[in-house]
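Here is the naming used below: chain letters follow the sequence lines, and residue numbers restart at 1 for every chain.
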Amino acid sequence: DVKVTQSSRYLVKRTGEKVFLECVQDMDHENMFWYRQDPGLGLRLIYFSYDVKMKEKGDIPEGYSVSREKKERFSLILESASTNQTSMYLCASSLTGTHDHTFGSGTRLTVV
Amino acid sequence: DAKTTQPTSMDCAEGRAANLPCNHSTISGNEYVYWYRQIHSQGPQYIIHGLKNNETNEMASLIITEDRKSSTLILPHATLRDTAVYYCIVRERIQGAQKLVFGQGTRLTINP
């Protein structure tokens with residue numbers, strides 16, 4: 001089975017901290033995505049990447065950056081965490097030309 | 001913006017067929033219908049997709065009307081583990097990374 005692994009299930013950080021969320025997939029997928037999920041707002045795309053070192057902004061990129069130095073790893077970076085970035089963060093990957101995304105289990109981030 | 005309309009919630013008895021409707025009246029000719037589900041505290045999981053023909057896999061069946069303006073996801077023998085939020089999504093199949101646009105979905109509860 002395709003596995004998308006997110007490094008932390010729960011994370012608590014302080015306002016102003018730099019936060020790294022890590023995502024690793026083991027099926028050689030070209031495409032990787034970061035979404036956040038909030039009650040009443042559904043899933044919203046933050047950033048995605050279609051190749052190593054390539055990145056594209058999604059719908060809500062402000063306050064975030066990403067890094068894709070290796071094909072299997074896609075990192076989401078909160079440069080200076082704020083309380084409005086408290087959310088569930090979901091990583092996904094897909095193979096070009098196929099129909100489905102595979103999601104990780106999510107990281108619930110709380111910024112205090 | 002999501003292009004689909006789904007009921008907010010539904011109930012179904014364990015062992016019965018669960019039929020989840022989705023309206024997508026503005027679907028264009030090259031857009032596919034996808035279904036995902038999200039079990040509590042997990043990432044979304046791909047279920048099935050279709051273009052115009054009915055589709056069946058080990059998880060579910062997808063019935064698409066002839067005019068393609070609506071579809072129904074059928075879980076033939078629902079179990080308690082099928083309790084989840086079910087998302088109906090329409091999008092084009094194109095090469096490369098393509099984001100998913102999730103609406104609010106249908107919260108399906110399977111009752112013993």
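Each of A:Phe33 and B:Val90 belongs to its own hydrophobic cluster when Ile, Leu, Val, Met, Phe, Trp and Tyr are linked at side-chain heavy-atom distances under 4.5 angstrom. B:Ile47 and A:Val4 end up in different hydrophobic clusters when Ile, Leu, Val, Met, Phe, Trp and Tyr side chains are linked at under 4.5 Å. Taken together through direct or relayed side-chain contacts under 4.5 Å among Ile, Leu, Val, Met, Phe, Trp and Tyr, B:Tyr34 and B:Ile27 form parts of separate hydrophobic clusters. By the criterion of side-chain heavy atoms lying less than 4.5 angstrom apart, applied directly or through intervening Ile, Leu, Val, Met, Phe, Trp or Tyr residues, B:Tyr86 is grouped together with B:Met10 in one hydrophobic cluster. B:Ile63 and B:Val33 fall into different hydrophobic clusters, where Ile, Leu, Val, Met, Phe, Trp and Tyr residues are linked whenever their side-chain heavy atoms come under 4.5 Å apart, directly or through other members.
Annotation: side chain of A:Arg9 is in contact with side chain of B:Ser41 (closest heavy-atom distance under 4.5 Å).
Summarising the local packing, CZ of A:Arg44 is surrounded by more than 12 heavy atoms from other residues, nucleotides or ligands at distances under 6.0 Å.
The contact between A:Asp59 and chain B is made entirely by side chain atoms (from C-beta outward), counting heavy-atom distances below 4.5 Å.
Heavy-atom minimum distance, B:Gln104 versus A:Leu41: NE2-C, 4.0 Å. Residues B:Tyr87 and A:Gln37 approach most closely at OH-NE2, 3.5 Å, considering heavy atoms. The two atoms that bring A:Leu90 and B:Pro44 nearest to each other are CD1-CD, 4.0 Å, heavy atoms only.
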Candidate pair A:Asp100 and B:Tyr36, rule side-chain contact (heavy atoms from CB on, under 4.5 Å), full reasoning: CA-CA 9 Å; A:Asp100 58 308; B:Tyr36 281 73; 4.0 Å; yes

From CA spacing to verdict: side-chain contact (heavy atoms from CB on, under 4.5 Å), A:Phe103, B:Leu100: CA-CA 12 Å; A:Phe103 282 83; B:Leu100 297 173; 4.2 Å; yes

